[in-house]
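Remember, it's 1-based here, ligands and their atoms both numbered in the order they're listed.
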Amino acid sequence: MKEKIDALREQFSRELSGAGTSEAVEKLRVAYLGKKGSVTALLKGLKEVGAEQKKEMGQHINQLKRQVEEKLSEQVEAIRAAEEQRQVEAAEQYDVTLPTGGAVGSYHPITVVQRQLEEIFASMGFTIEDYKEIVTDYQCFEAVNIPKDHPARDMQDTYYLENGQLLKTHTSAAQNAIMKKYGAPLRAVFPGRCFRNEALDASHENTFFQMEGMMIDKNISISNLIYFMKTMLSEVFERDINVRLRPGFFPFVEPGFELDISCTLCGGEGCSTCKGSGWIELCPCGMIHHNVLRAGGIDPEEYTGFAFGLGLTRLVMMKYGVGDIRDLNSGNLKALSQFTHE
Ligand code: PHE
């Protein structure tokens with residue numbers, strides 16, 4: 001039996017030196033120490049050994065078992081260290097000063113303008129809020145004064161989930177939650193991706209971005225609204241922009257307005273993007289309806305406020321002269337990077 005033990009030790013040494021990966025070492029562990037392994041078989045074989053030899057052989061086998069265990073762990077450790085060394089060397093070979101071949105990343109134009117707007121509003125004391133894209137019917141419609149069966153829902157058909165939730169059709173879906181979060185007074189802007197079931201054309205997409213804002217305090221009036229809108233637009237365009245305000249209907253504002261800017265693509269002459277009118281609808285807005293304030297836990301007798309829903313995607317088109325909205329969602333890097341690279 002002693003010879004068998006010694007032969008197995010030698011066989012193990014040989015096989016171990018050939019095991020260069022952690023998988024191979026694991027195979028060896030099973031082959032020697034596993035339930036059906038050779039060392040285990042030796043231990044089982046002790047039964048047949050005479051009583052006087054049993055103790056001695058038992059010690060030999062156990063010693064072999066310990067050696068096998070130790071050597072296996074040493075081998076695993078050595079493989080890990082070698083792998084680490086390889087990685088360090090590979091990292092050293094990587095030359096961070098190599099030219100990139102022109103493939104420099106850039107922000108999407110919508111991100112650029114969104115950040116710019118966030119900065120402008122933050123400087124005017126607004127907080128910047130994040131909000132979900134999947135919302136409940138209550139958040140998207142009921143809380144903003146659009147009850148079930150209200151005709152205003154027709155213009156905001158969207159994508160419904162099996163659990164009854166939906167992809168938000170406008171950033172106004174966040175109004176209620178933000179009012180409940182802060183109470184009055186509050187100033188907040190909340191950019192977000194919105195979804196509608198639209199027939200696609202040069203100015204309609206099923207996925208687009210808005211930037212909503214709310215200011216609620218004592219004695220807030222339409223003049224505050226106009227002041228903030230004008231300040232924001234002149235900062236974004238870095239020049240004076242012609243605007244016009246006309247009445248607009250949204251169930252969550254009263255009175256409601258459409259703020260249009262003179263089309264920056266054609267300079268107001270009329271083109272396909274502005275449908276020949278020379279004006280682009282950019283920022284619906286108005287004084288927050290008392291039902292909406294009340295739903296948000298704010299007393300309309302004490303507080304008033306304005307809200308606006310800036311079409312961020314549209315603003316980007318105006319600022320960069322993008323004629324077709326679909327270019328912005330195309331993921332075409334060549335088309336997009338021209339707007340954000342100097
Ligand atoms: N949520 C409206 C829309 O997407 C825009 C809006 C926001 C209008 C805030 C008024 C006030 O059509």
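Remark: minimum distance from atom 11 (C) of ligand 1 to any protein heavy atom is reached at Ala307 O, 3.6 Å. At the top of the distance list for atom 5 (C) of ligand 1, counting protein heavy atoms only, stands Pro284 CG, 3.6 Å. For atom 2 (C) of ligand 1, the closest non-hydrogen atom of the protein is Phe252 CZ, 3.6 Å.
Numbered from 1 in the order shown, with element, the atoms of ligand 1 that lie under 4.0 Å from a heavy atom of Phe250 read 8 (C), 12 (O). For ligand 1, the atoms sitting less than 4.0 Å from at least one non-hydrogen atom of Ser172 are 1 (N), 7 (C), numbered in the order shown with element in parentheses. Atoms of ligand 1 lying under 4.0 Å from at least one heavy atom of Gln210, given by number and element, are 3 (C), 4 (O).
With respect to Glu281 and Arg246, a salt bridge is recorded, a charged nitrogen being found less than 4.0 Å from a carboxylate O. The pair Arg80-Glu77 counts as a salt bridge, with a side-chain nitrogen and a carboxylate oxygen less than 4.0 angstrom apart. A salt bridge links Glu26 with Arg29: the closest approach of a Lys/Arg side-chain nitrogen to an acidic carboxylate oxygen falls below 4.0 angstrom. A salt bridge links Arg153 to Asp137: at least one charged side-chain nitrogen sits closer than 4.0 Å to a carboxylate oxygen.
With respect to Phe228, the ring-ring contact (aromatic ring centres under 6.0 Å, His included) criterion is satisfied by exactly one of Phe308, Phe121, Phe126: Phe126.
Residues Glu23 and Lys27 form no side-chain contact, since every pair of their non-hydrogen atoms from C-beta on lies 4.5 Å or further apart. Taking the side chain as every heavy atom from C-beta outward, His150 and Phe141 never approach each other to under 4.5 Å.
Under the 4.0 angstrom criterion for non-hydrogen atoms, Cys285 is in contact with ligand 1. Residue Phe257 places no heavy atom under 4.0 Å from ligand 1.
Among Arg196, Lys168, Met155, the residue whose heavy atom lies nearest to atom 12 (O) of ligand 1 is Arg196.
Counting heavy atoms closer than 4.0 Å to ligand 1, residue Phe308 contributes backbone atoms (N, CA, C, O) but none from C-beta onward.
In terms of polar-atom proximity, defined here as any N/O pair under 3.5 Å, Thr169 makes no such contact with ligand 1. By the 3.5 Å distance cut-off applied to N or O atoms, His170 is counted among the residues near ligand 1.
Arg314 is linked by a salt bridge (Lys or Arg N to Asp or Glu O under 4.0 Å) to nothing, counting only residues two or more places apart in sequence or in another chain.
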